[in-house]
Structure formats: C-alpha cells, structure tokens
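See structure below.
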Amino acid sequence: NEKAVAYRLTPADLNQQIIQERGPMIAELVSGNGIIFHNSTTNQTKEIEAGKYLYIEPGVAFYFSATGKSNIELILFEIK
C-alpha cells in the first residue's frame, strides 16, 4: 500500500481542471511565481509563493492557475 504520493505540476498541467476527493495534500511551489490556489468548495483563493507551502484539507475540490508566463514547478504531496 502506498501511504504517500508526489505529483510534479508544470504550466501545461495548470488547465483549471478541478481536483476533488483527494488528500490531505501539501502544495509547494519549488520555482516560479504567480500560482493561485482556487478552493472550489468555498470560492476562496490563495497565492502560493516560491519556497512556501499550502495545506489542503481532505475532500476539498480545488484547482490551480498561473497568473504569469514564467516557468513554474509545483509539487503536490498526497497522504493516503
């Protein structure tokens, strides 16, 4: 059984597709800037800065968007 999974997202993966029924998750922006976390459940947004992370509660529906054209690398850690 896998207890944790890591996903690497690049600008091509930020297509505003809603991710749901996952988690809990940690999103960390490794490089770049201008990444916005959109909580589809509460309609709240939060910018993620390079070197910082964001905890995502289990079961939250969300997606990411990029505000700029810079190259980004976002890592998602999912705990199962």
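Only a predicted model underlies this, so the values are computations on that prediction, with no experimental measurement involved. Counting begins at 1 with the first residue of the sequence.
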Treat each ILVMFWY residue as a node, draw an edge where side-chain heavy atoms are under 4.5 Å apart, and state whether [X] and [Y] are in one component.
| X | Y | answer |
| --- | --- | --- |
| Val30 | Ile26 | yes |
| Phe77 | Ile72 | no |
| Ile48 | Tyr7 | yes |
| Ile18 | Leu76 | no |
| Phe37 | Ile75 | no |

Exercise. Classify the side-chain pair Gln17/Tyr63 by whether it contains a donor and acceptor separated by less than 3.5 Å.
Key: no
Self-check item: Heavy-atom side-chain proximity of Glu57 to Phe62 below 4.5 angstrom
Solution: no
Self-check item: Flag side-chain contact, heavy atom, 4.5 Å: Leu29 against Phe64
Solution: no
Quiz prompt | Distance (rounded to the nearest 0.5 Å) between Ile35 CD1 and Lys46 NZ | solution = 14.5 Å
Quiz item: Do other residues, nucleotides or ligands put more than 12 heavy atoms under 6.0 Å from Glu47 CD?
Solution: yes
Quiz item: Under a 4.0 Å N-O cut-off, is there an ion pair linking Lys52 with Glu28?
Solution: no
Quiz prompt | Shortest non-hydrogen contact between Ala50 and Gly32, atoms and distance | solution = CB-O, 3.4 Å
Self-check item: Residue from Ile56, Val5, Leu54 passing side-chain contact (heavy atoms from CB on, under 4.5 Å) with Met25
Solution: Ile56
